[in-house]
Visitor: 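Got a structure for you, written out below as structure tokens; questions coming shortly.
For the single chain, residues carry numbers from 1 onward in sequence order.
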Amino acid sequence: MKAAGSGRGAGLVALLLVLLALLWLGARADGLTTDEGIYIPAGLRHLERGDFSLNPETPPLAKLLCALPLLGRGLPTPARRRGESDADWARRSLERAPDLGALITAARLPVVVLTVLLAAGLWAWARATHGATAGWAALVLAVFHPSLLAHGHLATTDLPATAGMLATSAAFWWWSRRPGLARAALVGLSFGLAISTRLTAAVLAPCLGLWVLGECWRLPPAERRTRAGQLLGLALLSLLLGLGTVWASYGFRYSAAPDGRPARAAVLRDGAGGGHAWLLGSRLLPEAYLEGLRFQLEHERRGHPAYLLGERSRRGWRSYFLVAFLVKNTPGFLAATLLLLAALLRRPPAWQSVETQWLLPALATFAAASLGHIQIGERYLLPVYPYLILLIASRAAPLMARAQGRSLALAVAALHVAPAVAAARPGHLAYFNTLAGGTAGAHRVLLDSNLDWGQDLPRLAGWMRDHGIEEVQLGYIGSDFPDRLGIRHRDLPGRHPCSAGPAAEPFEGVLVVSPNLLLNLLDRPGPNPYESLAGRQPDARAGVFFVYRLPAAGVSGSR
């Protein structure tokens with residue numbers, strides 16, 4: 001028994017160390033992503049000065065967490081100048097950093113640790129509910145999931161919000177088994193941490209409430225009243241602790257800035273404006289949090305430039321996240337999902353089961369993303385994956401009880417693990433499966449943070465060294481700094497922190513263009529300067545960048 005137990009422990013540690021190695025490789029290899037360019041300096045400003053007027057669009061908890069390793073490391077966070085945008089302020093902070101590469105890696109460390117804890121939590125929860133086989137299935141699926149690997153090493157809100165949602169669900173499951181004050185308090189605290197990280201985590205509240213109401217409906221009348229009282233107590237305590245956690249993340253201060261300056265706290269102009277105005281007047285929540293709520297609701301109403309299968313839209317498509325799911329997951333994970341769907345159709349979970357607690361938030365998150373108008377990346381599905389992993393793992397044990405089932409499970413695992421390991425060097429953020437033609441064909445299906453989030457300047461620098469390229473004409477969009485990586489370049493139309501404006505002469509020599517620019521993702525006014533290149537086969541690829549070798553008379557560089 002001791003030998004078996006020690007073997008299981010060694011296996012767990014080994015897989016978690018593999019996960020840690022893959023995450024560390026990504027943290028060191030990926031350049032600064034677009035969102036990190038504002039989150040890192042804003043988080044340090046939050047932490048050092050208690051100033052939440054910068055980047056109020058996103059709750060501060062994940063940014064505060066990522067800023068902790070940066071204390072005392074020399075990243076300046078000056079006061080914002082009059083009329084200066086958040087992006088310009090962030091650029092001014094980052095370009096004065098003494099060693100930006102080391103600072104980026106340090107800011108990512110808390111998320112790396114959180115990702116390892118998330119994987120261990122999935123193993124423990126699946127094992128506790130469905131046995132050892134389910135635990136190992138969950139761990140393998142989590143350790144080698146490309147999207148968890150891609151976002152599990154970035155100083156952004158995506159992975160922390162996912163971990164917060166799963167922690168809330170786990171605490172709720174623990175409470176539902178034996179309701180009590182301490183367990184209810186843990187639910188409220190976990191929920192508060194989740195919504196202090198990302199506003200969309202609030203989708204959990206109706207999911208958990210629906211599960212308890214459905215359970216109450218199936219109870220005898222006497223037990224139903226008892227359960228209803230427990231639910232009411234849970235809801236009230238969760239509300240109080242959730243609000244308290246939000247206030248704590250803002251230092252228990254209403255005003256966004258220490259000197260009382262407002263955080264652009266305008267009132268919504270649509271049907272929700274009355275409620276938003278009431279919240280501002282009541283001071284029920286911190287001002288910066290309410291500004292983030294206003295921004296997100298108006299952003300949802302306006303939509304965002306999106307790209308799918310060669311088409312562009314500001315309103316999105318109902319099929320966007322379904323397509324993203326199909327092309328951004330490994331063949332093994334897709335096969336496991338199909339097996340899960342077949343198993344659920346054959347034997348649906350009982351309402352009172354933990355499987356239903358996993359299924360409801362997975363479906364709600366997927367539906368909310370698909371019905372929304374902000375379709376800028378498969379990362380919006382990140383909270384779906386832990387629940388889906390648990391569901392797949394829950395049905396793994398019956399499958400693996402038979403020899404044929406074990407063979408099938410091993411084949412599925414191989415199709416999941418091998419692509420994830422192969423994607424480590426080119427980067428998991430740009431991973432696409434064979435349905436999309438791999439990373440090389442990804443631009444025909446999706447753009448934005450699915451493929452090109454500004455992360456590949458280090459890979460471009462490596463490509464230039466390997467090929468003896470001294471200088472390029474660069475069309476880049478992102479938050480990173482080509483100069484810090486030794487990339488000698490002349491700027492083409494694009495958008496990055498140290499861009500001095502586009503070169504006036506025609507495109508010639510070695511031309512390097514971001515996929516987002518090449519295919520005009522932002523749909524900027526005027527002709528796309530790269531339109532004549534969009535249908536041309538590139539001469540090479542440097543990470544996600546398209547590389548062309550052009551004569552002087554090749555393509556005009558007009559804006």
Visitor: I'd like to know if the side chain of His299 and the backbone of Ile374 have a donor-acceptor N/O pair within less than 3.5 Å.
Guide: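 Here the side-chain-to-backbone pair does not exist.
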
Visitor: Below 4.5 Å, heavy atoms only, C-beta onward: do Val512 and Ile487 meet side chain to side chain?
Guide: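 Side chain of Val512 against side chain of Ile487, heavy atoms only: no contact under 4.5 Å found.
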
Visitor: If you look at every heavy atom in Ala42 and Trp89, which pair is closest and at what distance?
Guide: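 What the structure gives for the nearest pair is N-CZ3, 3.8 Å.
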
Visitor: Is there a donor in the side chain of Asn329 and an acceptor in the side chain of Tyr385, or the other way round, less than 3.5 Å apart?
Guide: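 Yes - a donor-acceptor pair under 3.5 Å links their side chains.
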
Visitor: If only atom types and distance count, is the side chain of Glu378 paired as donor or acceptor with the main-chain N or O of Asn450 below 3.5 Å?
Guide: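 Answer holds: no.
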
Visitor: Which pair of non-hydrogen atoms, one from Arg549 and one from Arg536, has the smallest distance, and what is that distance?
Guide: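 Shortest heavy-atom contact: O-NH2, 3.7 Å.
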
Visitor: Would you say Thr58 and Ile38 make side-chain contact, with heavy atoms under 4.5 Å?
Guide: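 No, too far: nothing below the 4.5 Å cut-off.
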
Visitor: A side-chain contact here means heavy atoms from C-beta on lying under 4.5 Å apart; do Leu117 and Val113 qualify?
Guide: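 Sidechains of Val113 and Leu117: in contact.
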
Visitor: Quick one, Leu521 and Asp452 - any side-chain contact, counting heavy atoms below 4.5 Å?
Guide: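 No - every pair of side-chain heavy atoms lies 4.5 Å or more apart.
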
Visitor: For the residue pair Tyr431 and Pro419, what are the closest heavy atoms and their distance?
Guide: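 In this case the closest contact between Tyr431 and Pro419 is OH-CB, 3.7 Å.
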
Visitor: Does any N or O in the side chain of Thr33 come within less than 3.5 Å of the main-chain N or O of Gln455, such that one atom is a donor and the other an acceptor?
Guide: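 No, the answer is negative, given that no donor and acceptor are paired below the 3.5 Å cut-off.
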
Visitor: Check for me whether Arg198 meets the cation-pi criterion with Tyr380, that is, NZ or CZ under 6.0 Å from the six-membered ring centre and within 45 degrees of the ring axis.
Guide: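 Satisfied, under 6.0 Å and within 45°.
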
Visitor: Calculate, to the nearest 0.5 Å, the distance between atoms CG and OG belonging to Leu94 and Ser479 respectively.
Guide: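 Here the rounded value is 8.0 Å.
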
Visitor: Kindly compute the distance separating OG1 (Thr77) from CZ (Arg49), expressed to the nearest 0.5 Å.
Guide: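 If I round to the nearest 0.5 Å, the distance is 4.5 Å.
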
Visitor: Short question: side chain of Glu300, backbone of His373 - any donor-acceptor pair under 3.5 Å?
Guide: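 Here the side-chain-to-backbone pair exists.
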
Visitor: What are the two closest heavy atoms between Leu109 and Trp24, and how far apart are they?
Guide: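 For Leu109 and Trp24, the tightest heavy-atom pair comes out as CD2-CZ3, 3.3 Å.
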
Visitor: Main chain of Ile376, side chain of Ser449: is a donor-acceptor contact present, judged purely on distance under 3.5 Å?
Guide: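 Side chain of Ser449 to backbone of Ile376, a donor-acceptor pair under 3.5 Å: yes, one is there.
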
Visitor: Once you round to the nearest 0.5 Å, how far does OG1 of Thr197 lie from CG of Leu65?
Guide: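 One finds 8.5 Å between OG1 of Thr197 and CG of Leu65.
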
Visitor: Taking side chain as C-beta onward, heavy atoms only, is Gln375 less than 4.5 Å from His304?
Guide: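 SC-SC contact between Gln375 and His304 ruled out.
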
Visitor: Taking 4.0 angstrom as the limit, do Arg80 and Asp88 come out as a salt bridge?
Guide: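 No, Arg80 and Asp88 are not salt-bridged.
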
Visitor: If you compare all heavy atoms of Gly31 against all heavy atoms of Arg484, which two are closest, and at what distance to 0.1 Å?
Guide: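 Of all heavy-atom pairs spanning Gly31 and Arg484, the closest is CA-NH2, 4.2 Å.
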
Visitor: Sub-3.5 Å donor-acceptor pair from the side chain of His489 to the main-chain atoms of Gln473, do we have one?
Guide: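 Answer holds: no.
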
Visitor: Got a second to check how far Met165's CE is from Leu382's CG, nearest 0.5 Å?
Guide: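 With rounding to 0.5 Å, CE (Met165) is 10.0 Å from CG (Leu382).
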
Visitor: If I take atom CG from residue Leu199 and atom CZ from residue Phe295, how far apart are they, to the nearest 0.5 angstrom?
Guide: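 It is 11.0 Å, given to the nearest 0.5 Å.
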
Visitor: Please determine whether side-chain contact (heavy atoms from CB on, under 4.5 Å) holds for the pair Val547 and Ile469, giving the CA-CA distance in whole Å, both sets of side-chain angles, and the decisive distance to 0.1 Å.
Guide: CA-CA 12 Å; Val547 180; Ile469 305 296; over 6 Å; no

Visitor: What are the two closest non-hydrogen atoms of Val111 and Pro160, and how far apart are they?
Guide: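 Taking every non-hydrogen atom into account, CG2-CG, 4.2 Å.
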
Visitor: For Ser147, does its backbone N or O pair with a side-chain atom of Lys328 as donor and acceptor, under 3.5 Å?
Guide: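 Checked: no pair found.
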
Visitor: So Leu519 and Arg312, do their side chains get closer than 4.5 Å, heavy atoms only?
Guide: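 Yes - at least one pair of side-chain heavy atoms lies under 4.5 Å apart.
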
Visitor: Quick one: pull up CG in Leu457 and CG in Asp30 and give me the separation to the nearest 0.5 Å.
Guide: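 If I round to the nearest 0.5 Å, the distance is 11.0 Å.
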
Visitor: Do Thr439 side-chain atoms and Ala430 backbone N/O form a donor-acceptor pair below 3.5 Å?
Guide: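 The answer is yes, because a donor-acceptor pair under 3.5 Å joins these two groups.
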
Visitor: Do other residues, nucleotides or ligands put more than 12 heavy atoms under 6.0 Å from the CD atom of Glu84?
Guide: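 Counting other residues, nucleotides and ligands, CD of Glu84 exceeds 12 neighbours.
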
Visitor: Please tell me if the side chains of Pro56 and Asp86 come closer than 4.5 Å, counting only heavy atoms from C-beta onward.
Guide: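 Yes, their side chains come closer than 4.5 Å.
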
Visitor: Check whether any side-chain heavy atom of Ser313 sits under 4.5 Å from a side-chain heavy atom of Leu308, and report yes or no.
Guide: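 No; the side chains remain at least 4.5 Å from each other.
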
Visitor: Give the C-alpha distance, both sets of side-chain angles, the deciding distance and a yes or no for ring pair (Phe, Tyr, Trp, His ring centres under 6.0 Å) between His443 and Phe546.
Guide: CA-CA 11 Å; His443 62 282; Phe546 287 75; 4.9 Å; yes

Visitor: Sub-3.5 Å donor-acceptor pair from the side chain of Tyr530 to the main-chain atoms of Val513, do we have one?
Guide: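 A pair under 3.5 Å: no.
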
Visitor: Looking only at atom types and distance, does a side-chain atom of Thr168 sit under 3.5 Å from a main-chain N or O of Ser190, one as donor and one as acceptor?
Guide: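 Looks like yes, one N/O pair under 3.5 Å.
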
Visitor: More than 12 heavy atoms of other residues, nucleotides or ligands under 6.0 Å from CZ of Arg28: is that the case?
Guide: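 Counting neighbours around CZ of Arg28, 12 or fewer heavy atoms of other residues, nucleotides or ligands fall under 6.0 Å, so no.
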
Visitor: Begin from the C-alpha positions of Asp35 and Arg379 and carry the test side-chain contact (heavy atoms from CB on, under 4.5 Å) through to its verdict.
Guide: CA-CA 12 Å; Asp35 282 10; Arg379 60 194 173 90; 3.8 Å; yes

Visitor: Decide side-chain contact (heavy atoms from CB on, under 4.5 Å) for Val323 and Trp317; before the verdict, give the C-alpha distance in whole Å, the side-chain angles of both, and the deciding distance to 0.1 Å.
Guide: CA-CA 10 Å; Val323 173; Trp317 304 263; over 6 Å; no

Visitor: Run the side-chain contact (heavy atoms from CB on, under 4.5 Å) test on Phe333 and Asn433 for me, step by step, so that the C-alpha distance in whole Å, both residues' side-chain angles and the decisive distance to 0.1 Å come before the verdict.
Guide: CA-CA 11 Å; Phe333 196 82; Asn433 62 33; over 6 Å; no

